[in-house]
Number of protein chains: 2
Amino acid sequence: MKTRSTQLPDTSDDAAKPKAAATDRTFAILELVASASGPLAVKTIGATLGLPKPTAHRLVNSLIDKGLLARDLETRDVIIGVEAARLAVGILRASLSRAPVRSVLRAVSAELGETCNVGVLDGGDVVYLDRVEVEHWPLRLQFGVGSRVPMHCTAMGKLFLATLPDGMRSRLLASGPFSAQTAHTLTDPDALAAELERIGARGYSLDDEEYVVGVFCVAVPILSSTGRTVAAIAVQAPKVRLSHDRVEQVLPILRRGAEALSAQFG
Amino acid sequence: MKTRSTQLPDTSDDAAKPKAAATDRTFAILELVASASGPLAVKTIGATLGLPKPTAHRLVNSLIDKGLLARDLETRDVIIGVEAARLAVGILRASLSRAPVRSVLRAVSAELGETCNVGVLDGGDVVYLDRVEVEHWPLRLQFGVGSRVPMHCTAMGKLFLATLPDGMRSRLLASGPFSAQTAHTLTDPDALAAELERIGARGYSLDDEEYVVGVFCVAVPILSSTGRTVAAIAVQAPKVRLSHDRVEQVLPILRRGAEALSAQFG
DNA sequence: CGTAACGTCTCACTCAATGAGACGCTGAAA
DNA sequence: TTTCAGCGTCTCATTGAGTGAGACGTTACG
C-alpha cells in the first residue's frame, strides 16, 4: 500500500542511510547499459550510479556471469549480453497482451490531443495501468504508470467510488479524513457523497483542480460484460485547454475508447 | 540452539545450504514471467523456482514496485510490466549497436542502395531499433531510431500482425478504428485481415504508400531459433526507385540480412 | 459452516553483500 | 629505463538485507 523502503529503526538520523539493495543496483546497471549509446567503462557506471569501486565491479561481473552483460573484446568496456537480448525478446512477447489496451489509448489520446490514462481501483486508491502522453509537462514523471493517486480527489477515483456497492462506498467514505490537496478538494464527506450521487447519475466524472492546481480531468467507466465498472479511462489537461465547456466534446471520444476497451476486458 | 523441529520430507542428505541470492532469484522470476505463455500465479512461480511462500511474494512484489511486473486486473496473477517493456526495447537497441551486428544492416543497405531499418513490436506499435540511411530526405528525422510507427499501415507492422497468434491478432484488429494516413491506407478491418492473410502466405510484407505518400516499403521477418518472428528488417525508398517490380530483387538480400540478424535474438 | 487454498505479517537468524584499503597490472609520460 | 596514474582485483571485518517457519487474515467453495 505505502512505499516500500522499510526503514524501521531509523529514528533520529535522517536520510544518512543511502543503503541500497543489491537487486536495485543491478537493475540500475542493466538499464544504464541498455540505454547507453555505446560501450561503457565500469568506472563510468560506478560514477554514474554512485557505486564504490569494488561494488561496481562485483555487480557488473555478476551480470556478466549471467550473460546479461558482456565485455567488449579489445577495450574491456561493458556492453549488453546475449542473455539480455533473449530476455528482452521474451519480455516484448509477453507484453503483447497489453498491446490492445495501449492501442486504444493511443487512438483516444491522438484524437483528443491530450494525455490519457487507464486505471483501476486497488486497495484504497487508483492505480494507473497505462498512459499515453502528448507532451512533456511536470506531471509526467509524477504520475506515471503504476503510480497511485487518491480516490476522493481524482476523476477516476470518484468514478469508482460512485459505482461501488453502497456498503463498500460508505465504508470507504467513513475511512477517515480526506486530505485537501488543493483549495478545490472535496474534504467534507457530505459534499463528496453529493458529488458521487451526481457522478452516478451522469455516468462520467470530473476533476476540476481538486488534485493538482490548474489540471482538469474527465473520466468515464470501462464496463465488463456483466455491466460492472472494472476500470476507467480518463483524459487530463491544463485547464486552459480542457474545462467544463469542452466536456461534451470529449465525452463521446472517451466513451468510444471505453467501449473498445471493455471488449478487451470481457 | 538450533531447533530441528520440522523434518522436511526430503533432502535428508544434502549438505548444500539453501543457497540464496536475491538477485538471481529476481531475474529468474522475471525470465519466467517473460517466457510464460500467459499470466502466472505467484504460487506457480514459487513452485517452479522452489521458493518459500513469503519469499516468492516478497520478490514478486518488489518487481511490481519497480514496474517490471504487474498484476492482472481481476485475477491477481502476475504479468509483465510496462517498465520491463521499456527496458527490453533499450536492450535490443543496445544489442544491435554492437559492431558485428551493425555491419549487417550497413551491408544490406549498401547492397540495396536504400535506407534500411530493424524494428520490433512493442505495445501495439513498431519501434525502430536501428537504421541506416543512404541519403537525406524528409523522413529522416521523423522516423529515426527509437521512433514509433503504427502497425496497420507499415510493412513491418503488418508483418508482425500477420505472424501474431490468432487471438491476439483479432484482439488488436478489434482495438479500434485505423487512422487513414494516406489514400492508400487500409482502414477497413476486413480488407486489412485479407492483406494479413496474403502476407502470412508470402512470408514478406509490402507498404505501398499506405503510411507516407510516395514511399514504398518491403519487410521480411527476423526469426528466433524457435522459428518465431521476433523482429523485422525493412527497406524503404521513394516509389520511383522501389516498387512492385523490384520486390523479387530485394527479397533475397533482405532475407540474407534477416538470417544474419536472427542469431542476435536467440 | 467448516475447510482449504492463498496471501500477508512477524520476527529471530544469518549469510550474502558491502566498501575501505591494500595490492597488482598495464601503459604512457619523463 | 623509471615513475606515475588510472583501473581492476583481492582481502576482510562489519552489518543489515534477505530469509523462511509459523501464525494469522481473507476469500472461494462444497
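So you know, we letter chains A, B, ... as the sequences are listed, proteins then strands, and number each from 1.
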All N/O contacts under 3.5 Å from nucleotides 6-11 of chain D to the protein, with atom names and distances to one decimal?
unit_1	atom_1	unit_2	atom_2	d
dC7(D)	OP2	K43(A)	NZ	2.9
dG8(D)	OP2	H57(A)	NE2	3.4
dG8(D)	O5'	H57(A)	NE2	3.1
dG8(D)	O6	K53(A)	NZ	3.4

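- A salt bridge links R148(B) with D122(B): at least one charged nitrogen is closer than 4.0 Å to a carboxylate oxygen.
- Rounded to an integer number of Å, the gap from L63(B) CG to dG18(D) P is 12 Å.
- Looking at D125(B) and R106(A), a side-chain N of the basic residue comes within less than 4.0 Å of a carboxylate O on the acidic one, giving a salt bridge.
- Partners of E197(A) under the side-chain hydrogen bond (donor to acceptor under 3.5 Å, both in side chains) rule, at least two apart in sequence or in another chain, do not exist in this structure.
- In terms of heavy atoms, G200(A) sits closest to A162(A) at N-CB, 4.1 Å.
- A salt bridge links K158(A) with E195(A); the closest basic N to acidic carboxylate O contact falls under 4.0 Å.
- Electrostatic pairing of R86(B) and E83(B) counts as a salt bridge here, judged by a charged N lying under 4.0 Å from a carboxylate O.
- If you take CG of L59(A) and P of dA16(C), they are 16 Å apart, rounded to a whole angstrom.
- Atom CZ in F27(B) sits about 14 Å away from atom P in dG18(D), given to the nearest Å.
- Between T55(A) and dT18(C), a side-chain N or O to OP1/OP2 separation shorter than 4.0 Å is absent.
- Computed from coordinates, the L51(B) CG to dG20(D) C1' distance equals 11 Å when rounded to whole Å.
- If you take CG of D72(B) and C1' of dC6(C), they are 17 Å apart, rounded to a whole angstrom.
- Atom CZ of R25(A) and atom P of dA17(C) are 12 Å apart (whole Å).
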